Number of protein chains: 2
Amino acid sequence: MDSLGFKHHDHSTCISGGVAAVIQSCKEAGLQFTPVRKRVLELLLERHRAVGAYEILDTLREEGLGSQPPVAYRALDFLVKHGFAHKIERLNAFIACAHPGDNHSPAFLICRSCDAVAETATVAAGGRLGQAAEETGFTIERTVLEAEGVCPNCQGKPE
Amino acid sequence: MDSLGFKHHDHSTCISGGVAAVIQSCKEAGLQFTPVRKRVLELLLERHRAVGAYEILDTLREEGLGSQPPVAYRALDFLVKHGFAHKIERLNAFIACAHPGDNHSPAFLICRSCDAVAETATVAAGGRLGQAAEETGFTIERTVLEAEGVCPNCQGKPE
DNA sequence: GCGCGACACGTTATACAATAACACAGGTGC
DNA sequence: GCACCTGTGTTATTGTATAACGTGTCGCGC
Ligand SMILES: [Zn+2]
Ligand SMILES: [Zn+2]
Ligand SMILES: [Zn+2]
Ligand SMILES: [Zn+2]
């Protein structure tokens, strides 16, 4: 599975493709894909890993697109809200979505050595937990599923 | 399942039992269960919900057990490291473990209305995600599984 | 007894993450 | 013009977490 993420790939098409897909989605949904939002999405796609809000903000500041935290957070909130990016709770950081457009409940594999993050899909309230929830009458609305470990490229590396 | 957590129960035994179990574990493993660590565990058990580090710290300060953030974080790190408590990444908060002693990979049901948190068990690197990881050669060491929704007691409540 | 390392604890300072609150600017509909 | 909505700019503040350094204590080998 290519989109699973630890492989090398043509990164420029990865960015342009991602941006194009989001432009399309916004057009269809009547959302405003403003310059700040676009730039933040590009930054996430460029980095291709989880990025902290303040790292985003530093870049925006250098480029004159905004210098205060709310600027970055508002753009990130927009992207997350509409499924174009995800927040990695474990890292308090953000990453571009690997399959924008789909309505999905993502899961992540996080490498603790190189910080790479791969997105994959889960069954919405699936498996064991969904079962336990149903038994007790708990209604699941959203799940966070993040696995931490070592990616194939970092296997065997010291520390 | 009683330990799943949204039901009423005898809370005093819940605390004393939890502390006793941890004392026992520490004795066996040769760990130091110091006053600060004990008090923090008690606080988590008393609250019986996710508690922020600074809320813990406030109480420690009132009781003269420490006044600076590292005091609370060190105790919490100890408890988490040895499986006596867990961090809820989604809330940036901590909760006492419901089955201390067992070596387990916990999952949580978080009520967005009343903030109750129930701990349940998962298969270690289970299901879909474990499969995807194996296929790509990713080694999972730890998983975060947190479901957000509405608990049975809050179903139908306004807002 | 003495030196030493391991570990817990105390304290200062700082970094990083997130939001509240208010002002302003541009469109759109009437 | 005017009300309304959405996005942006800015100031200030709160919340979360760690770096770095010093102190005290205990157990161990000598
Ligand atoms: Zn996604
Ligand atoms: Zn890696
Ligand atoms: Zn547990
Ligand atoms: Zn509830």
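Note that the coordinates shown come from a computational prediction; the quantities given were computed from them, not determined experimentally. Below, chains carry the letters A, B, ... as their sequence lines are ordered, and counting in each starts from 1.
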**Request:** Ignoring backbone atoms, establish whether Tyr73(A) has a side-chain N or O less than 4.0 Å from OP1 or OP2 of dA18(C).
**Result:**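 It does, given that an N or O in the side chain of Tyr73(A) lies less than 4.0 Å from OP1 or OP2 of dA18(C).
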**Request:** Taking heavy atoms of chain A and a 4.0 Å limit, find me the 5'-most and 3'-most nucleotide of DNA chain D within that range.
**Result:**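 Both ends considered, the range comes out as dT6(D) to dT11(D).
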Would you tabulate the pairs of protein nitrogen or oxygen atoms and nucleotide nitrogen or oxygen atoms of nucleotides 4-12 of chain C closer than 3.5 angstrom?
from	atom 1	to	atom 2	distance (Å)
dA8(C)	OP1	Arg37(B)	NH1	3.2
dA8(C)	O5'	Arg37(B)	NH2	3.0
dC9(C)	OP1	Thr34(B)	OG1	2.7
dG10(C)	N7	Arg74(B)	NH2	2.6
dG10(C)	O6	Arg74(B)	NH1	3.3

**Asked** According to the salt bridge (Lys or Arg N to Asp or Glu O under 4.0 Å) rule, which pairs have a member within residues 53-62 of chain A, sequence neighbours left out?
**Response**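 Of all non-adjacent pairs touching residues 53-62 of chain A, those that pass salt bridge (Lys or Arg N to Asp or Glu O under 4.0 Å) are Arg47(A)-Glu55(A), Arg49(A)-Glu55(A), Asp58(A)-Arg61(A).
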**Item:** hydrophobic_cluster_shared for Leu44(A) and Val71(A), side chain cutoff 4.5 Å
**Value:** yes
**Asked** Which residue pairs pass the ring-ring contact (aromatic ring centres under 6.0 Å, His included) test when at least one of the two sits in residues 18-42 of chain B, sequence neighbours left out?
**Response** none
**Prompt:** ring pair (Phe, Tyr, Trp, His ring centres under 6.0 Å) with Phe78(A): which residues, sequence neighbours excluded?
**Reply:** His82(A)
**Asked** Who passes ring pair (Phe, Tyr, Trp, His ring centres under 6.0 Å) against Phe94(B), sequence neighbours left out?
**Response**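 Phe94(B) satisfies ring pair (Phe, Tyr, Trp, His ring centres under 6.0 Å) with no other residue.
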**Request:** List in chain and number order the residues that pass side-chain contact (heavy atoms from CB on, under 4.5 Å) with Ala93(B), two or more places apart in sequence or in another chain; answer none if no residue qualifies.
**Result:**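 Only Ala50(B), Leu91(B) meet the side-chain contact (heavy atoms from CB on, under 4.5 Å) criterion with Ala93(B).
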**Asked** What residues, two or more places apart in sequence or in another chain, satisfy side-chain contact (heavy atoms from CB on, under 4.5 Å) together with Glu46(A)?
**Response** Ile15(A), Arg39(A), Glu42(A), Leu43(A)
**Close residues, residues 85-92 of chain B, relative to DNA chain D [heavy-atom separation under 4.0 Å]** =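 Correct list: Lys87(B), Asn92(B).
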**Item:** All side chain to side chain donor-acceptor pair (under 3.5 Å) counterparts of Gln68(A), not counting sequence neighbours
**Value:** none
**Message:** Which residues pass the side chain to side chain donor-acceptor pair (under 3.5 Å) test with Thr13(B), not counting sequence neighbours?
**Reply:** none
**Complete:** Tracing side-chain contacts under 4.5 Å among Ile, Leu, Val, Met, Phe, Trp and Tyr outward from Leu57(B) reaches Tyr54(B), Tyr73(B)
**Request:** Quickly work out the Tyr54(A) OH to dA18(C) P distance and round it to whole Å.
**Result:** 8 Å
